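Below is one structure, written out as structure tokens; the observations come after it.
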Amino acid sequence: QVQLVESGGGLVQAGDSLRLSCAASGRTLSRYTMGWFRQAPGKERDFVAAISWSGRSTSYADSVKGEFTISRDSARDTVYLQMNSLKPEDTAVYYCAARDAIIVAPMTGPYEYWGQGTQVTVSS
């Protein structure tokens, strides 16, 4: 079992940046494909970005390409989502997700483990 903990959310203005972090409790993330998803009020949870266990491969939703960057720091055993030029439509709860790298599946999902989420609110 992998317990994921997100942090870094908050209230920002349009055009600002935020960096979300995801760490695991009790287990290393080094052998997991990691993803970020978000869910806006009244909407389904959508894929945002993902990174392979090695960090060599990444994938992004079209809506965030060029503005969001996913990365992982093996020394800190943490996955990040750098979000630049935030817009009000980026307002959502952001979730970190993980799956064993041995599983062959699209980067967009499915994922085995989920964090509790962190709120990101972008004001206009």
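As the structure is a prediction and not an experimental result, all values here were calculated from the model.
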For the pair Val2 and Glu112, evaluate side-chain contact (heavy atoms from CB on, under 4.5 Å) and give the outcome as yes or no after the intermediate values.
CA-CA 9 Å; Val2 178; Glu112 297 177 280; over 6 Å; no
Transitively linked via ILVMFWY side-chain contacts under 4.5 Å: Ile70 with Tyr111?
no
Do the rings of Phe37 and Phe47 sit parallel, tilted or perpendicular, given the 30° and 60° boundaries?
perpendicular
Is the count of non-hydrogen atoms from other residues, nucleotides or ligands lying under 6.0 Å from Gln119 atom CD greater than 12?
yes
Under the 3.5 angstrom rule, does the side chain of Arg19 hit a backbone N or O of Gly8 as a donor-acceptor pair?
no
Before you tell me yes or no, could you show the steps for Trp114 and Cys96 under side-chain contact (heavy atoms from CB on, under 4.5 Å), namely the whole-Å CA-CA distance, both residues' side-chain angles and the distance that decides it to 0.1 Å?
CA-CA 6 Å; Trp114 295 85; Cys96 177; over 6 Å; no
Linking I/L/V/M/F/W/Y whenever any side-chain heavy atoms sit under 4.5 Å apart, do Val12 and Phe68 land together?
yes
Cluster check Leu81, Tyr113: I/L/V/M/F/W/Y, side chain < 4.5 angstrom
yes
Contact summary for Ala98 and Met34, nearest pair of heavy atoms
CB-SD, 3.5 Å
Ser17 and Gln82: which non-hydrogen atoms are nearest, and at how many Å?
CB-NE2, 3.8 Å
Please give me the minimum heavy-atom distance between Leu4 and Ala24, naming the atom from each residue.
CD2-CB, 4.3 Å
Which heavy-atom pair separates Ser71 from Ile51 by the least distance, and what is that distance?
CA-CD1, 3.8 Å
Trp53 to Ala101 - nearest heavy-atom pair and separation:
CD1-CB, 3.5 Å
Can you find a heavy atom in the side chain of Glu6 that is under 4.5 Å from one in the side chain of Tyr94?
no
Got Asp90 and Glu67 here, is their nearest side-chain heavy-atom distance under 4.5 Å?
no
Say whether Tyr60 and Leu86 are linked into one hydrophobic cluster, either directly or through other cluster members, by side-chain heavy-atom distances under 4.5 angstrom.
yes
Determine whether Trp36 and Val79 make a side-chain contact, defined as any pair of heavy atoms from C-beta on separated by less than 4.5 Å.
yes
The reported gap from CZ in Arg31 to OG in Ser54 (rounded to nearest 0.5 angstrom) is 9.5 Å
Where Ala14 and Ser124 come nearest, the two heavy atoms and their spacing:
CB-CA, 4.4 Å
Only one of Asp77, Leu29, Thr78 forms a side-chain contact (heavy atoms from CB on, under 4.5 Å) with Arg72, so which one is it?
Leu29
Following the transitive rule for hydrophobic clusters with a side-chain heavy-atom cut-off under 4.5 Å over Ile, Leu, Val, Met, Phe, Trp and Tyr, establish whether Leu18 and Val48 coincide in one cluster.
yes
Check the pair Arg38, Val64 against side-chain contact (heavy atoms from CB on, under 4.5 Å), reporting the backbone distance first and the verdict last.
CA-CA 12 Å; Arg38 66 186 181 186; Val64 305; 4.0 Å; yes
